[in-house]
Amino acid sequence: MKHLCLIIFLSIFIQQSYWKLGAEAFSRDGFVRTKGVQFSLNGYPYYANGFNAYWLMYVASDPSQRPKISAAFQEASRHGLTVARTWAFSDGGYRPLQYSPGSYNEDMFKGLDFAIAEARRHGIKIILSFANNYVSFGGKKQYVDWARSRGRPVSSEDDFFTDSLVKDFYKNHIKAVLNRFNTFTKVHYRDDPTIMAWELMNEPRCPSDPSGRTIQAWITEMAAHVKSLDRNHLLEAGLEGFYGQSSPQSKTLNPPGQFGTDFIANNRIPGIDFVTVHCYPDEWFIDASEQSQMEFLNKWLDAHIQDAQNVLHKPIILAEFGKSTKKTGYTPAQRDMVFNTVYGKIYGSAKRGGAAAGGLFWQLLGNGMDNFQDGYGIILDQSSSTVNLIAQQSRKLTLIRKIFARMINVEKWNRARGHGPVRRGGHNIQN
């Protein structure tokens, strides 16, 4: 009788634990981690089907415009999106975040506070970028200008990566962002699991040193700096994916130009937790045919997903992609083809437990935001075939997560019953 009671008790306990694990699998609280080539949240695989919205802080800095932020996150959540990438920088110029090194605009910081709070309220994670490669919103040029005004012998934007004073300015900005106390959530950014990851820079490039050594040294130094301040969050470099000297056979895949980055070497740096790639065939090959652009896109994605899986052994996010409606001869079917291709590559990898962990389209807009429309903007509540594809991808990745969560729970159930571990290698989820 005692044995029967014990068996009944254990069965009830294990069943309750099973349902608890199921709830944990879909809770969006907690810090996102990496586990092998996958993201993990609360011990279960996590996928980043999301969007770019660089304008969140800027728009939210005006309290009268904050309903646009709330509406955007509400629509994103309704379509199953899980991650937003945005700027935590605006250096010098009009309505900046940082007036000058170490001097901050509280209204702008409160805008970022609000955006993070709204993301949290709608169950969406945030990736925050610390600086820009380009002159918009200040960029590395502004940092170099600040250093020159203080007597530093700098002449090129690329001195951003090597000048000691510039690097101090940048490191201090990182510290200011990490230590920011959110006026809405009452949580320091460094302690907030709403933030999925930090990004060192939006699309870092150093064309003055095509060897890639300058960027390599800079990422190494800055990754170590971020990790010395914050071990809670993931970190990525913000790279577009251009190959360098560490993989000369792959350099033929690059679009024309000198970039000074090295996809393999840069992402092997300790402290870089996951890999990013951007893809804009319509910008990189303006005069090429639609067919040629799509051939490039397929090869570009295949190479990077395979390298993330087999060489770098880290998750990869397709952190920017899209199709401009402003290009000559544009049709909605062309944009759908780009989205279908990107989403198909992600799904094909993810269902096998592979490294492709999500994609962030450029860019999400809301109603009444025509002044932010760059040709790539998508408004989710304006029904279109592309919006349908976005929602469909969310459903497919959610299904994969449910299946993997169920497999993990069954394994835990079997272990609790004393059946030993279940082999989980080589999963292949069928369509």
Side-chain angles (χ1 to χ4, degrees), residues 37 48 52 85 133-134 199-216 218-219 236-269 272 274-324 327 334-335 337-350 352 354-362 376:
V37 297
N52 286 272
R85 174 173 172 261
N133 180 69
Y134 310 107
E199 177 178 280
L200 291 180
M201 174 177 271
N202 173 50
E203 301 187 341
R205 296 182 181 185
C206 186
S208 63
D209 181 9
S211 75
R213 286 189 291 269
T214 297
I215 287 279
Q216 183 77 0
W218 181 81
I219 294 175
E236 49 98 351
L239 296 165
E240 297 160 273
F242 304 126
Y243 287 98
Q245 291 187 355
S246 67
S247 51
Q249 73 283 359
S250 298
K251 289 179 70 175
T252 57
L253 290 171
N254 287 348
Q258 296 287 352
F259 310 106
T261 60
D262 187 320
F263 177 73
I264 299 298
N266 297 160
N267 283 304
R268 275 183 166 147
I269 292 170
I272 298 301
F274 66 95
V275 178
T276 61
V277 63
H278 298 184
C279 36
Y280 291 109
D282 60 345
E283 292 286 347
W284 296 345
F285 301 96
I286 295 175
D287 297 325
S289 67
E290 191 70 20
Q291 180 180 346
S292 295
Q293 290 179 7
M294 292 307 300
E295 288 174 356
F296 166 82
L297 180 61
N298 275 281
K299 291 177 182 177
W300 186 250
L301 297 177
D302 285 342
H304 287 82
I305 292 171
Q306 289 169 15
D307 285 339
Q309 175 91 28
N310 301 322
V311 179
L312 297 168
H313 310 295
K314 296 179 180 182
I316 182 170
I317 287 183
L318 282 55
E320 286 190 27
F321 69 93
K323 177 74 174 179
S324 176
K327 302 298 181 185
Q334 292 174 347
R335 184 169 71 177
M337 189 178 298
V338 169
F339 275 69
N340 258 324
T341 300
V342 171
Y343 285 157
K345 300 291 186 185
I346 294 168
Y347 179 72
S349 172
R352 293 174 174 84
L360 314 177
F361 66 83
W362 185 279
Y376 291 90

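Both backbone and side-chain heavy atoms feed into the values below; hydrogens, waters and symmetry mates do not.
L301 is listed as a side-chain neighbour of V342, based on a closest heavy-atom distance under 4.5 Å. Between S211 and Q245 there is a side-chain heavy-atom pair separated by less than 4.5 Å.
Between the side chain of N267 and the backbone N or O of I272 there is no donor-acceptor pair closer than 3.5 Å. With hydrogens and angles disregarded, a donor-acceptor distance shorter than 3.5 Å links the side chain of Q309 to the backbone of A355. Side-chain N or O atoms of N52 include one that pairs as donor or acceptor with a backbone N or O of A319 at under 3.5 Å. When atom types are taken as modelled, the side chain of Q216 and the backbone of N266 share a donor-acceptor pair closer than 3.5 angstrom.
Between the CD1 atom of I317 and the CD1 atom of I346 there is a distance of 9.0 Å, given to the nearest 0.5 Å. Atom CZ of residue F259 and atom CD1 of residue I215 lie 12.5 Å apart, to the nearest 0.5 angstrom. Atoms CE and OG, from M294 and S289 in turn, are 11.0 Å apart once rounded to the nearest 0.5 Å. Taking CD of Q306 as the reference point, atom OG of S250 lies at 10.0 Å (rounded to 0.5 Å). We find the CH2-NE2 distance between W362 and H278 to be 8.5 Å, quoted to the nearest 0.5 Å. If you take CD on E203 and CE on M201, they are separated by 11.0 Å, rounding to the nearest 0.5 Å.
Residue P256 comes nearest to F285 through the heavy atom pair CD-CE2, 3.8 Å, listed as atom of the first residue, atom of the second, then distance. Closest approach of N254 and G241 over heavy atoms only: OD1-O, 4.5 Å. Contact detail for T261 and P204: the closest heavy-atom pair is CG2-O, 3.2 Å. When all heavy atoms of D262 and S246 are compared, the pair lying nearest together is OD1-OG, 2.6 Å. Across all non-hydrogen atoms, the minimal contact from Q293 to I286 is NE2-O, 4.1 Å. When every heavy atom of A356 is checked against every heavy atom of I305, the shortest pair comes out as CB-CD1, 4.1 Å.
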Step-by-step side chain to side chain contact (heavy atoms under 4.5 Å, CB included) determination, Y376 to E320
CA-CA 11 Å; Y376 291 90; E320 286 190 27; over 6 Å; no
Step-by-step side chain to side chain contact (heavy atoms under 4.5 Å, CB included) determination, L239 to T276:
CA-CA 6 Å; L239 296 165; T276 61; 4.2 Å; yes
Would V275 and F263 count as a side chain to side chain contact (heavy atoms under 4.5 Å, CB included) if you check the C-alpha gap in whole Å, the side-chain angles of each, and the deciding distance to 0.1 Å?
CA-CA 9 Å; V275 178; F263 177 73; 3.1 Å; yes
Side chain to side chain contact (heavy atoms under 4.5 Å, CB included), that's the test. Do T341 and N298 meet it? Break it down for me.
CA-CA 7 Å; T341 300; N298 275 281; 3.7 Å; yes
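Sorted by first and then second residue, the pairs that involve residues 274-297 and meet salt bridge (Lys or Arg N to Asp or Glu O under 4.0 Å), not counting sequence neighbours, are E283-K327, E290-K323.
The salt bridge (charged side-chain N to carboxylate O under 4.0 Å, His left out) search around K314 returns none, not counting sequence neighbours. Scanning for salt bridge (charged side-chain N to carboxylate O under 4.0 Å, His left out) contacts around E236 gives an empty result, with sequence neighbours left out.
Checked against a 6.0 Å centroid threshold, the rings of Y343 and F321 count as neighbours.
Ring geometry for H304 versus W300: interplanar angle of 30 to 60°, hence tilted.
For Q249, the CD atom counts as densely surrounded, since its 6.0 Å shell holds more than 12 non-hydrogen atoms of other residues, nucleotides or ligands.
The closest side-chain donor-acceptor pair between D307 and Y243 falls under 3.5 angstrom.
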